[in-house]
Amino acid sequence: MKNIIFIAPPAAGKGTVSDYLVSNYNYEHISTGDLLREEIKSGSDLGKEIDEIISNGGLVSDEFMIKLMEEKLTKLDKDKPFILDGFPRTILQAEKLDEMLITNKVINNLVIYLDISLDEALKRVMGRVICPKCKRSYNLTNDKLKPIKDNICDNCGIELEKRKDDNEETFKIRFESYLKNTKPILDYYKDKNILKWVDATLEMDNMFHIIVGEAKND
Ligand code: AMP
């Protein structure tokens, strides 16, 4: 399977597709948002700074994110395909990622753009809850993505949480930031011929099927 780099607005379904690919195709899921939330949970000074940025819908600095990704990529299990969920989010991050992939001899990469409107993404964000332990994402607005027991993680049996930045005001700032900083990356990848556009509002199994088809090696 190819490595997958997701480019998408917040709440387009990157986490849900990633969970599916991890369970069914042995992918390693690298979510920069999860890594940052772990740092926040540790209570470190750095975590406090990051918390402030994320809670306000901003972006953590390129410098920090690039360093974080460099560390992650050198520790990758080379026998597993991976998913990048949340990186790159700026053109500079995309350029640096290319350099890192070359340095680490990572080939066979696919970029997937999950397309969704602001209104639909907002609806999803308002219904999203996550497991603080396994990070699985659930959605109360979609019967297929609801937990079996109300507000309890199917895997871990513990209470689900709402993300602090999943509120209407912060979401709109995050979406604006996506349009300004992240969406332009699509042109960067278009020129490299590795970009696949996917409608994120498709019925879920259909969307999984399309993504798996694209990710399979020719
Ligand atoms: P996510 O879980 O992907 O929605 O990320 C949550 C938040 O973490 C984002 O809104 C940003 O504040 C921050 N973040 C995650 N990845 C990056 C990145 N590659 N560059 C800058 N900030 C990031």
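For ligands, and for the atoms within them, numbers begin at 1 and follow the listed sequence. When a residue number appears, it is its place in the shown sequence, counting from 1.
- Judged as a side-chain hydrogen bond (donor to acceptor under 3.5 Å, both in side chains), and not counting sequence neighbours, T32 has no contacts.
- D166 and R128 are joined by a salt bridge, as a carboxylate oxygen and a charged side-chain nitrogen come within less than 4.0 angstrom of each other.
- More than 12 heavy atoms of other residues, nucleotides or ligands lie within 6.0 Å of CD in E203, so this atom counts as buried by the packing criterion.
- E168 meets the side-chain hydrogen bond (donor to acceptor under 3.5 Å, both in side chains) test with K172; sequence neighbours excluded.
- For K80 and F82, the positive end is not near the middle of the six-membered ring at less than 6.0 Å and at most 45° from its axis.
- Listed by chain and number, residues touching ligand 1 at under 4.0 Å (heavy atoms only) are T32, G33, L36, R37, I54, G58, L59, V60, M65, G86, F87, R89, Q93, R163, R174.
- With sequence neighbours left out, S137 forms a side-chain hydrogen bond (donor to acceptor under 3.5 Å, both in side chains) with no residue at all.
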